[in-house]
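The sequence lines fix the lettering, A, B, ..., with proteins before strands; numbering per chain opens at 1. On a predicted model such as this, the values are computed, not experimentally measured, just so you know.
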Amino acid sequence: MKNGDHLFLVDGSGYIFRAYHALPPLTRKSDGLPVGAVSGFCNMLWKLLKDARNTDVGVVPTHFAVIFDYSSKTFRNTIYPEYKANRSVPPEDLIPQFGLIRQATKAFNLPCIEKEGYEADDLIATYARLAVEAGGDVTIISSDKDLMQLVNHKVSMYDGMKDKQISIPEVIEKWGVPPEKMIDLQALTGDSTDNIPGIPGIGPKTAAQLLEEYGDLDTLLARASEIKQQKRRENIIAFADQARLSRQLVTLKNDTPIDLGLDALVLEPQDGPRLIGFLKAMEFTSLTRRVAETTGTDAAEIEPVPVETEWGAAAHGPDLDKGEADGSAEATTAEVAGGSVAASVPAVSSEAAALTPAALAKSRADAALGQKIDTTGYVCIRDLATLQAWIDEATETGFVAFDTETNSLFPMEAELIGLSLALAPGRAAYVPLAHKSGTGDLLGGGMLENQIPLDQALAALKPMLEDRSVLKIAQNMKFDWLLMHRYGIDIAPFDDTMLISYALDAGPGGHGMDSLSERWLGHKTIHYKEVAGSGKSAVSFDMVDLERATAYAGEDADVTLRLWRVLKPRLAAEGAVSVYERLERPLVTVLARMEARGISVDRQILSRLSGELAQSAAAIEDEIYKLAGERFNIGSPKQLGDILFGKMGFPGGSKTKTGQWSTSAQVLEDLAAAGHELPRKIVDWRQLTKLKSTYTDALPGYINRETGRVHTCYAMAATSTGRLSSSDPNLQNIPIRTAEGRKIRTAFIAGPGNKLISADYSQIELRVLAHVADIPQLKQAFADGMDIHAMTASEMFNVPVKDMPSEVRRRAKAINFGIIYGISAFGLANQLSIPREEAGQYIRTYFERFPGIRDYMDATKAFAREHGYVETIFGRRAHYPEIRSSNPQMRAFNERAAINAPIQGSAADIIRRAMIRMDDALAEAGLSARMLLQVHDELVFEAPDEEVDKTIPVVRHVMENAAMPAVSLSVPLQVDARAAQNWDEAH
DNA sequence: GTCCGACCGTA
DNA sequence: TTACGGTCGGACG
């Protein structure tokens, strides 16, 4: 480098963040890869390279380099561990752009410079010094105030986004001090984004005024006592050391080791084809055209280069709600996407810098399988200081695996016994909080000593657990979230390994930690039974000795963290980001709150019903014994079969797979229809005892002592299709079809002054079918608000809808459902009790009238066979590996399930979206209605009497528009809603 | 004590 | 013909 040469230094890392926030979001058309910052970066580079003379810089560079931060940890952290500690993690759609911007730099044939342990700013300071010493001039492409200290008559800055040169006068104008005093100014003011303390109460204006008066920081500190303003004087004296430390932190290091000398930065000519290959891959069409013109390259001849991103993007399936004002979207949660990056990390870690998302996922998976997990090395934390140290480290790292130990599996009655944290694989701790001493006598034993008092531990944990810049990772977060919610802590943001697994691998095989650990880590976890015993000898977790509790609980957190490292990158690699972030994660808190609310159940009504059922059943029992001629256990299918088909000699219908005669309701109904009295009685008895044992007897046991309400538990990852399931108790199978059964619903009541509102989708699955299979007649019928089963019957049997016999409609209805279930002649015949041939003929007729349905079914089967999975309209996948089975029965079953899954699953996704938006929509309308239950196509709310009329339209609106705008259905959704005192009348 | 099959309630 | 969970009886250890 010589006199007259001019070096351009681009602050690459700074540019990324600035461009991300300043420029409108932009995604690659073909797959939704976020590329806004990349686009801005490329446009700026191109302008500087081709057009610098016409910018505010006014000169053409001879040397050029782009500088990046290497990683979050620099020498500054050794002087001040809190440095940049409160910086939040980059937003998810920025993460893939770090790698892309490096690739862009290389495509522009420019040197890409970074150095471990140093920030980009230090490298820029070093190169600027070297260039000036060699006689050159320097322009730093950045507007970061941290770099302004470097400005002098040979060094200036250039804001590439505002096309504005920043020289000495501009610095003075902006900050009131010349560039050489910027360090002292920053030392006084501090910087909250970098967590530089400075002196409290001193901002830029005061700092400039003080420096004007006293000259520099040291003089100011030495003469602080002369300052007139009392508060200011006291602060400067008290925080003098803090200011000196701050000065150390903001002073850029201009003698960092460098790998490339100045001569390596000489600007080389552009490699047109290489650059165009990259720009085409990014789908930047206008820049591609400009570059092609300037470099004389034929862009059409050039293939896009394969672009590699660390995380890829939500590239698969429809781009769910990008840019939509969606109540579901948590404000882009600060989070890291996979664990290789630490909290502040503007840089891509070396692990993955050159990997595709798929390759990263694979390397993580391979590495995890090779690692041994030692459960004896976990820490047991018994004092607040140690706990605080772990919390601090978690806060600094930016993510932590978290798990709770309790004395119950029901989150609404569980008490916190302890909790565990994991910061890195193998690095976990257990914090016992309510363990009892094992030596307790019959009176129960006392609390174990040397445990951190619960309130102190919670107070210490709360800031971290609620810190937006610390990602909390759990397996089945809904449990831990609800538990901690009851202790006054609302965990956010979070990831849930169970839900990540579910978004990726829904299908056969569960998503429990034990099975995930075996599958992905090759590690058999300690079974709960091994530490707490089982059955009668089982003890509550608070009686487990601390050594074993630490191993068990520590392992839970450790395994969760390891699973997260393996599974999270797969989301991007396999295009499941949208499903996870839009349909899974936001539902956690929605469901947790529903579970916490519970529903009021009238104990008296159930008790009365139980009595009635017992009486009726007893009466029938006597008649059964009389007819059978002996007493036996009616509830035993085996004994019943012996009586019916042995002793009584009834003709057996079908057999079960164990070879027993079936005593199913269908068989008994057939016998009853043939005029036999006993089978009828059995059917009646079964119905009564079923209602009694499953509902009226069991439900009161679920009424919570404290709340007086029933709190069901929803499983988010239990089904292969995306539906929820409900248990403890299951409130998704409360009877409705028979008059006797319906009475149970009258026990589900609104609280005083409230009503229950039931809102359910009408025919949602058939509507989804009409949409995905694109069936004109069905779509028209729904658009016209017609009776869909009658329309089907009319089409199939050529009968007018008017005055249609109910039997004809019934058959069409059965066929419609059969279609959704992946119809077979055998199944339809069974359902309608008609010969198989007749059923087969129905199906043929149906396909003739609606040929699109057969096309859809064939296409779905072919897709499933090829890929091993099927997808909902929102991109949720259900896997059916057995669809390629050589066993025809197995194969046929999987084909039917694969046909059903996109329909059932799309409907499930739609109601999920409605639920995710509902709380906000109600709040926005100023309504206090609360969502209590979900029953697949129905939502149940509780609302104050006087708000009912205003609530129903809001609920309907949210539900009917739930697919929008991610998917615009070609069929309207219809929601029926009603309010009443109890669930029976509301539905 | 634990597991599985049969049966049956819901969408 | 799809998707679930709960209860019971009965066989296993």
Sugar-phosphate, base or nothing in reach of A:Ser720, heavy atoms under 4.0 Å: sugar-phosphate

Sugar-phosphate, base or nothing in reach of A:Gly818, heavy atoms under 4.0 Å: base

Ion pair check, A:Glu848 and A:Arg854, cut-off under 4.0 Å: no

Residue-phosphate contact under 4.0 Å: A:Arg737 side-chain N/O, B:dT10 OP1/OP2: yes

Sugar-phosphate, base or nothing in reach of A:Ala698, heavy atoms under 4.0 Å: sugar-phosphate

Spacing of A:His527 atom NE2 relative to B:dT2 atom C1', expressed in whole Å: 13 Å

Sugar-phosphate only, base, or nothing, as touched by A:Ile736 at under 4.0 Å among non-hydrogen atoms: sugar-phosphate

B:dG9 OP1/OP2 closer than 4.0 Å to side-chain N/O of A:Thr694: no

Separation of B:dA6 C1' from A:Leu644 CG (nearest whole Å): 15 Å

Whole-Å gap separating C1' (B:dC7) and CH2 (A:Trp661): 18 Å

Crowding at CD, A:Glu677 (>12 non-hydrogen neighbours, <6.0 Å): no

Per A:Ser662 side chain, nearest of listed nucleotides B:dG5, B:dC7, B:dC8: B:dC7

Where chain A begins and ends its contact with DNA chain C, read 5' to 3' at 4.0 Å from heavy atoms: C:dT1 to C:dA11

Integer-rounded Å distance: B:dA11 P and A:Asp760 CG: 9 Å

Ring geometry between A:Trp661 and A:Phe645 (parallel below 30°, tilted from 30 to 60°, perpendicular above 60°): tilted

Length of the line joining A:Phe817:CZ and B:dT10:C1', which is rounded to integer Å: 12 Å

Parallel, tilted or perpendicular: ring planes of A:Phe541 versus A:Tyr552, cut at 30 and 60 degrees: tilted

Donor-acceptor contact present, side-chain A:Arg884 to main-chain A:Arg865, <3.5 Å: yes

Sugar-phosphate only, base, or nothing, as touched by A:Ala814 at under 4.0 Å among non-hydrogen atoms: base

Sugar-phosphate only, base, or nothing, as touched by A:Glu765 at under 4.0 Å among non-hydrogen atoms: nothing

Whole-Å gap separating C1' (B:dT10) and OH (A:Tyr761): 19 Å

N/O donor-acceptor pair under 3.5 Å between A:Lys690 side chain and A:Trp685 backbone: no

Sugar-phosphate only, base, or nothing, as touched by A:Arg896 at under 4.0 Å among non-hydrogen atoms: sugar-phosphate

Proximal nucleotide (of B:dA11, B:dG9, B:dA6) relative to the A:Thr658 side chain: B:dA6

Residues, nucleotides or ligands: over 12 heavy atoms within 6.0 Å of A:Gln889 CD: no

Atom pair distance, as rounded to whole Å: CH2 in A:Trp983 and P in B:dT10: 11 Å

Sugar-phosphate, base or nothing in reach of A:Tyr702, heavy atoms under 4.0 Å: nothing

Separation of atom CD1 in A:Ile734 from atom C1' in B:dC8, rounded to whole Å: 13 Å

Residue pair A:Tyr695 / A:Asn733: nearest heavy atoms and the distance that separates them: OH-O, 2.5 Å

Below 4.0 Å: OP1/OP2 of B:dC8 and any side-chain N or O of A:Arg686: yes

